[in-house]
Amino acid sequence: MQGEKEHIEQSFGLAIKEMRLSKGLSQAKLAELGDFNRTFISDLERGVYQPTLFSIFRLAHALEVAPHEIIQRVEELTKK
């Protein structure tokens, strides 16, 4: 179970990073748009920290995607 949890955490981070880069955003800019600290974004992308549901919605808004699109990408990445 622990390995699966870590895989999901890493996949979440990768999904956020992919979406951020596809929008041409720096970590600092994404943090600004979502009203987060830049280190929070870095920790998310490295799988060090996992967001709350509220944070997922704020990230989605900042990335201009629907929250389910983030989760869908995480699901795709965990199947690899």
Side-chain angles (χ1 to χ4, degrees):
M1 235 3 164
Q2 185 63 26
E4 182 181 7
K5 179 181 181 289
E6 290 171 359
H7 184 60
I8 292 169
E9 291 169 349
Q10 294 295 318
S11 295
F12 184 88
L14 181 57
I16 294 300
K17 185 175 184 176
E18 286 177 353
M19 291 180 170
R20 174 179 64 77
L21 293 175
S22 75
K23 301 286 185 173
L25 300 173
S26 65
Q27 287 182 344
K29 186 62 177 177
L30 177 57
E32 178 186 325
L33 292 170
D35 196 28
F36 296 109
N37 185 297
R38 192 211 52 85
T39 58
F40 176 79
I41 301 300
S42 175
D43 288 346
L44 283 179
E45 290 185 359
R46 292 182 294 122
V48 172
Y49 184 79
Q50 291 304 294
T52 63
L53 183 57
F54 181 67
S55 293
I56 291 172
F57 273 74
R58 285 175 42 205
L59 283 165
H61 179 75
L63 290 165
E64 299 178 333
V65 298
H68 79 270
E69 292 178 73
I70 296 173
I71 302 305
Q72 181 178 359
R73 183 62 184 139
V74 172
E75 187 175 30
E76 292 167 358
L77 290 167
T78 58
K79 292 180 181 179
K80 289 184 177 183

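Residue numbers start at 1 and run along the sequence shown. All values derive from a computational prediction rather than experimental measurement.
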Novice: Can you tell me how far CZ of Arg20 sits from CG of Leu33, rounded to the nearest 0.5 angstrom?
Specialist: 12.0 Å
Novice: In terms of hydrophobic clusters joined by side-chain contacts under 4.5 Å, are Leu44 and Leu14 together?
Specialist: no
Novice: Got Val65 and Leu59 here, is their nearest side-chain heavy-atom distance under 4.5 Å?
Specialist: no
Novice: For Leu63 and Lys23, which heavy atoms make the closest approach, and how far apart are they?
Specialist: O-CE, 2.9 Å
Novice: Membership question, hydrophobic clusters at under 4.5 Å side-chain separation (ILVMFWY): are Ile56 and Ile8 in the same one?
Specialist: yes
Novice: Considering only distance and modelled atom types, tabulate donor-acceptor pairs under 3.5 Å from the side chains of residues 69-77, sequence neighbours left out.
Specialist:
from, atom 1, to, atom 2, distance (Å)
Glu69, OE2, Ala66, N, 2.8
Arg73, NE, Glu18, OE1, 2.7
Arg73, NH1, Glu76, OE1, 3.0
Arg73, NH2, Glu18, OE1, 3.1
Arg73, NH2, Glu18, OE2, 3.1

Novice: Test of understanding: with ring pair (Phe, Tyr, Trp, His ring centres under 6.0 Å), list the residues that count as partners of Phe40, not counting sequence neighbours.
Specialist: Phe36, Tyr49
Novice: Once rounded to the nearest 0.5 Å, what's the spacing between atom CD of Glu45 and atom CG of Leu21?
Specialist: 7.0 Å
Novice: Nearest 0.5 Å please: distance from the NZ atom of Lys79 over to the OG atom of Ser11.
Specialist: 12.0 Å
Novice: To the nearest 0.5 angstrom, please state how far the CZ atom of Arg58 sits from the CG atom of Leu30.
Specialist: 10.5 Å
Novice: To the nearest 0.5 Å, how far apart are CD in Glu6 and CD in Gln10?
Specialist: 7.5 Å
Novice: Roughly how far apart are Arg38 CZ and Asp43 CG, rounded to 0.5 Å?
Specialist: 8.5 Å
Novice: Any side-chain donor paired with an acceptor under 3.5 Å for Ser42 and Thr39?
Specialist: no
